Amino acid sequence: MSVFYSIVYPDRVCILTDGGVYDAAGNLVATCRKVFPSPNLPFAVTCRASPADRIPEIIDSMDAWINRRADPLEKDRVLACLTPIEEFFHELGKREGTFPAEFLFAGFSKAAGPQHWLLFCHDREGVCPPFKLVHPGNDVQNGIGLTHEDLARHGISPAEIAKADFFARFGASFMAIARKKRAVMFGMSTPLHFVGGHCDLTTITEHGVTVERLCTWPDKLGRPIDPSLPMILPDGQEVAA
């Protein structure tokens with residue numbers, strides 16, 4: 001799994017994810033939705049990892065752990081999840097040691113409003129200690145970073161980013177910019193293109209979680225990502241790369 005982006009606004013958290021899953025050579029082997037919303041809470045999790053096939057199992061096990069440990073009568077059930085999440089990953093780390101996975105948790109807390117947290121299962125250059133939830137600030141870019149200069153070249157200003165509908169209006173373009181950049185993913189040494197399959201926008205408000213498909217790309221399974229392929233919008237319109 002390749003990238004995720006998250007921004008906290010006063011009334012929501014917005015998460016942008018792609019759909020690509022890759023083999024050790026950088027070939028696309030599958031596409032999938034990478035966000036796992038809670039069925040009962042305004043809360044969701046996404047992850048980038050290698051290999052990616054264990055992530056759904058880990059999240060299912062984490063959910064079961066939370067259900068056993070969190071108090072269902074707690075007024076702020078989102079914040080009540082945080083200690084069980086850390087406990088779960090601490091136990092996982094004791095059993096298995098570190099491994100290349102990076103999680104983003106996001107939710108709408110009754111007490112604190114929209115929030116997001118990072119938890120890494122390895123020590124990535126001192127960014128996050130393994131198996132600890134951290135507050136990363138209001139803006140997270142994980143996998144492939146974009147600068148203000150990158151966005152300005154495509155007509156996107158900092159003033160637009162500050163608006164709560166930024167990803168709804170520009171998310172497909174934002175991910176298309178990342179798609180053109182190369183990066184080194186877990187376990188690899190060669191920079192490659194790693195944004196593939198589709199772009200999803202997840203929005204978390206006090207009312208719950210929604211996931212919207214913003215665009216797709218006609219990427220071929222078994223092949224590396226070709227950033228020259230057009231973007232396809234939900235209405236079928238093709239947008240040249």
Side-chain angles (χ1 to χ4, degrees), residues 1-20 33-35 37 42-48 102-109 112-118 127 134-183 193-219 225 227-241:
M1 294 187 177
S2 42
V3 301
F4 58 75
Y5 303 97
S6 180
I7 303 178
V8 175
Y9 293 101
D11 65 343
R12 70 193 69 182
V13 184
C14 296
I15 304 170
L16 211 60
T17 51
D18 79 319
R33 193 175 81 171
K34 296 182 181 179
V35 169
F43 190 77
V45 57
T46 188
C47 176
R48 55 187 297 265
E102 300 177 355
F103 289 83
L104 175 89
F105 300 92
F108 196 101
S109 156
Q115 302 282 315
H116 62 195
W117 305 266
L118 288 173
V127 175
V134 300
H135 282 280
N138 289 338
D139 182 348
V140 168
Q141 299 191 56
N142 198 305
I144 298 173
L146 300 183
T147 66
H148 286 305
E149 289 75 19
D150 290 328
L151 300 179
R153 284 194 291 271
H154 293 81
I156 301 174
S157 70
E160 296 294 349
I161 301 171
K163 298 176 182 177
D165 65 350
F166 169 65
F167 276 156
R169 295 169 59 213
F170 293 101
S173 298
F174 189 97
M175 193 67 86
I177 298 169
R179 181 177 164 89
K180 294 177 182 178
K181 300 187 77 170
R182 290 183 172 90
H193 299 282
F194 279 107
V195 171
H198 58 254
C199 173
D200 284 343
L201 168 61
T202 300
T203 304
I204 304 168
T205 69
E206 61 181 322
H207 304 295
V209 182
T210 61
V211 183
E212 176 186 2
R213 181 69 39 92
L214 298 183
C215 69
T216 61
W217 289 278
D219 297 313
I225 294 300
S228 69
L229 293 175
M231 174 198 304
I232 303 173
L233 299 179
D235 63 3
Q237 177 186 354
E238 292 191 3
V239 179

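All values reported here derive from a predicted model rather than from experimental measurement.
Within the model, atoms OG of Ser6 and CD of Gln115 stand 11.0 Å from one another, a figure rounded to the nearest 0.5 Å. For the atom pair CZ of Phe108 and OG1 of Thr203, the computed distance is 13.0 Å after rounding to the nearest 0.5 Å. Here the straight-line distance linking atom CG of Asp200 with atom CG of Leu214 works out to 7.0 Å at 0.5 Å rounding. Distance check, rounded to the nearest 0.5 Å: CG of Asn142 to CG of Leu104 gives 8.0 Å. Atom CD of Glu212 is separated from atom SG of Cys199 by 9.5 Å, given to the nearest 0.5 angstrom. Note: Ile144 CD1 to Phe4 CZ = 12.5 Å, rounded to the nearest 0.5 Å.
Residue Pro37 comes nearest to Val211 through the heavy atom pair CG-CG2, 4.1 Å, listed as atom of the first residue, atom of the second, then distance. Taking every heavy atom of both residues into account, Asp11 and Ala164 meet most closely at OD1-CB, 4.2 Å. Across every non-hydrogen atom of Pro227 and Ala241, the tightest pair is O-CB, 3.2 Å. Taking each heavy atom of Ser2 and Gly20 in turn, the nearest pair found is OG-O, 4.0 Å. Between His116 and Ala106, the shortest heavy-atom distance links the atoms CB-CB, 3.9 Å. Residues Pro42 and Thr205 approach most closely at CB-O, 3.2 Å, considering heavy atoms.
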Self-check item: Test side-chain contact (heavy atoms from CB on, under 4.5 Å) applied to Thr46 and Ile15, step by step
Solution: CA-CA 9 Å; Thr46 188; Ile15 304 170; 4.3 Å; yes

Exercise. Give the intermediate values and the outcome of side-chain contact (heavy atoms from CB on, under 4.5 Å) for residues Val140 and Leu118.
Key: CA-CA 9 Å; Val140 168; Leu118 288 173; 4.2 Å; yes

Self-check item: Working for side-chain contact (heavy atoms from CB on, under 4.5 Å), residues Arg12 and Thr210
Solution: CA-CA 11 Å; Arg12 70 193 69 182; Thr210 61; over 6 Å; no

Practice problem: List the steps and the verdict of side-chain contact (heavy atoms from CB on, under 4.5 Å) for Met231 and Leu233. | Solution: CA-CA 6 Å; Met231 174 198 304; Leu233 299 179; 3.6 Å; yes

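Checked against the 6.0 Å centroid threshold, Phe170 and Phe174 do not count as a close aromatic pair. The ring of His198 has its center no closer than 6.0 angstrom to the ring center of Trp217.
With a 4.5 Å cut-off on side-chain heavy atoms, Val3 and Met175 count as touching. With a 4.5 Å cut-off on side-chain heavy atoms, Leu229 and Arg179 count as touching. The closest side-chain heavy-atom distance from Ile232 to Pro218 is below 4.5 Å. With a 4.5 Å cut-off on side-chain heavy atoms, Leu201 and Cys14 count as touching. Side-chain contact between Lys181 and Asp150 is present, with heavy atoms from C-beta onward closer than 4.5 Å. With a 4.5 Å cut-off on side-chain heavy atoms, Val209 and Thr202 count as touching.
Sorted by first then second residue, the side-chain hydrogen bond (donor to acceptor under 3.5 Å, both in side chains) pairs that include residues 231-241, not counting sequence neighbours, number zero.
Although no hydrogens or angles enter the test, the distance criterion places a donor-acceptor pair under 3.5 Å between the side chain of Asp18 and the main chain of Gly196.
Scanning for salt bridge (Lys or Arg N to Asp or Glu O under 4.0 Å) contacts around Lys180 gives an empty result, with sequence neighbours left out. Applying the salt bridge (Lys or Arg N to Asp or Glu O under 4.0 Å) criterion to Asp165, with sequence neighbours excluded, gives Arg169.
Residue-environment remark: CZ (Arg213) exceeds the threshold of 12 foreign heavy atoms within 6.0 Å.
Between Phe105 and Phe43, the ring planes are parallel. Angles under 30° get that label, and only those over 60° would be called perpendicular.
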